[in-house]
Student: 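Would you mind keeping the following structure in view while I ask a few things?
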Amino acid sequence: PLLHFDERFTPSDSGDPPDRPVTAGEFLWVDLFTRDPAKAAEFYRGLAAFEVSVRGTAPEMVRVVLATGGVARASLIALPKEVADPGWLPFVQVDDVAATVRKTAALGGTILLAPRPDLLNGHVAVIADPHGGVLGVVNRVEAAKKGSAQ
């Protein structure tokens, strides 16, 4: 079968899985790059009653964060002018961002955003597979140890 039910993800009363720490290989976060983050925030607030807050995460980046129950779920970011189309960028928790980046390159992928000290103390990168599929990789555990925030 293509889908496998994992008993760790027993739905809560609301139908969503209960919150628990994310482990390596699991999706952690998603960013929406959009021309109008404020308008997108209002849409998602109306759609799913998300709590909305604004956070600065790097000198050139402001995130509009969507949360439920005080837990951040996603963020909305102003689309850079050089990027043509809006889109979602999912992030997966990994044990070692630098090793994941090296393996990506060795397997023919592309590093779109290499780890750098001003973004989660070097514990985040954006990669693409050889066919152009884009994915963020992050180690929030290591980033949090060094006092960094998303």
Student: How close do Val134 and Pro90 get, heavy atom to heavy atom, and via which atoms?
Tutor: O-CD, 4.3 Å
Student: Should Val52 and Val65 be marked as a side chain to side chain contact (heavy atoms under 4.5 Å, CB included) after you check the CA-CA gap, both sets of side-chain angles, and the distance that decides it?
Tutor: CA-CA 6 Å; Val52 176; Val65 176; over 6 Å; no
Student: Taking salt bridge (Lys or Arg N to Asp or Glu O under 4.0 Å) as the test, write out the residues that go with Arg73, two or more places apart.
Tutor: Asp19
Student: Is it possible for you to say whether Leu112 and Val97 belong to one hydrophobic cluster, with membership spreading through side-chain heavy-atom contacts below 4.5 Å?
Tutor: no
Student: Show the numbers, then the answer: is there a side chain to side chain contact (heavy atoms under 4.5 Å, CB included) between His123 and Arg140?
Tutor: CA-CA 7 Å; His123 295 286; Arg140 289 292 286 156; over 6 Å; no
Student: Using the salt bridge (Lys or Arg N to Asp or Glu O under 4.0 Å) criterion, which residues pair with Arg102? Sequence neighbours excluded.
Tutor: none
Student: Any chance you could measure Phe50, atom CZ, to Leu76, atom CG, to the nearest 0.5 Å?
Tutor: 9.0 Å
Student: Let me confirm one number: the OG1-CD distance from Thr68 to Glu51, rounded to the nearest 0.5 Å.
Tutor: 6.5 Å
Student: Please tell me if the side chains of Asp96 and Asn139 come closer than 4.5 Å, counting only heavy atoms from C-beta onward.
Tutor: no
Student: Would you please name every residue forming a ring-ring contact (aromatic ring centres under 6.0 Å, His included) with Tyr44, sequence neighbours left out?
Tutor: Trp88
Student: Can you get from Trp29 to Leu113 by hopping between Ile, Leu, Val, Met, Phe, Trp and Tyr side chains that sit under 4.5 Å apart?
Tutor: yes
Student: Assigning hydrophobic clusters by single linkage (Ile, Leu, Val, Met, Phe, Trp, Tyr; side-chain heavy-atom cutoff under 4.5 Å), is Ile127 placed with Val94?
Tutor: yes
Student: Could you report the tightest heavy-atom contact between Asp95 and Ala24, atom names first, then the distance?
Tutor: OD1-CB, 3.4 Å
Student: Which atoms form the tightest heavy-atom contact between Ala41 and Val64, and what is the distance?
Tutor: CB-CG1, 3.7 Å
Student: When you compare the side chain of Val124 with that of Pro115, does any pair of heavy atoms fall below 4.5 Å?
Tutor: no
Student: Let me check something: do Phe27 and Val137 share a hydrophobic cluster, defined by ILVMFWY side-chain heavy atoms less than 4.5 Å apart, either directly or through other members?
Tutor: yes
Student: Could you tell me which non-hydrogen atom of Arg116 sits nearest to which non-hydrogen atom of Asp118, and how far apart they are?
Tutor: NE-OD1, 2.6 Å
Student: Do you reckon Leu135 sits in the same ILVMFWY cluster as Val30, going by side-chain contacts under 4.5 Å, direct or chained?
Tutor: no
Student: Distance check, rounded to the nearest 0.5 Å: Ile77 atom CD1 versus Leu89 atom CG?
Tutor: 8.0 Å
Student: Could you state the interatomic distance from CG (Leu66) to OG (Ser75), rounded to the nearest 0.5 Å?
Tutor: 7.5 Å
Student: Look up atom CG in Leu107 and atom CG in Asp129, then write down how far apart they are to the nearest 0.5 Å.
Tutor: 10.5 Å
Student: Do Val92 and Leu28 come within less than 4.5 Å of each other through their side chains, counting heavy atoms only?
Tutor: no
Student: Is a salt bridge present between Glu42 and Arg45, judged by a nitrogen-to-oxygen distance below 4.0 Å?
Tutor: yes
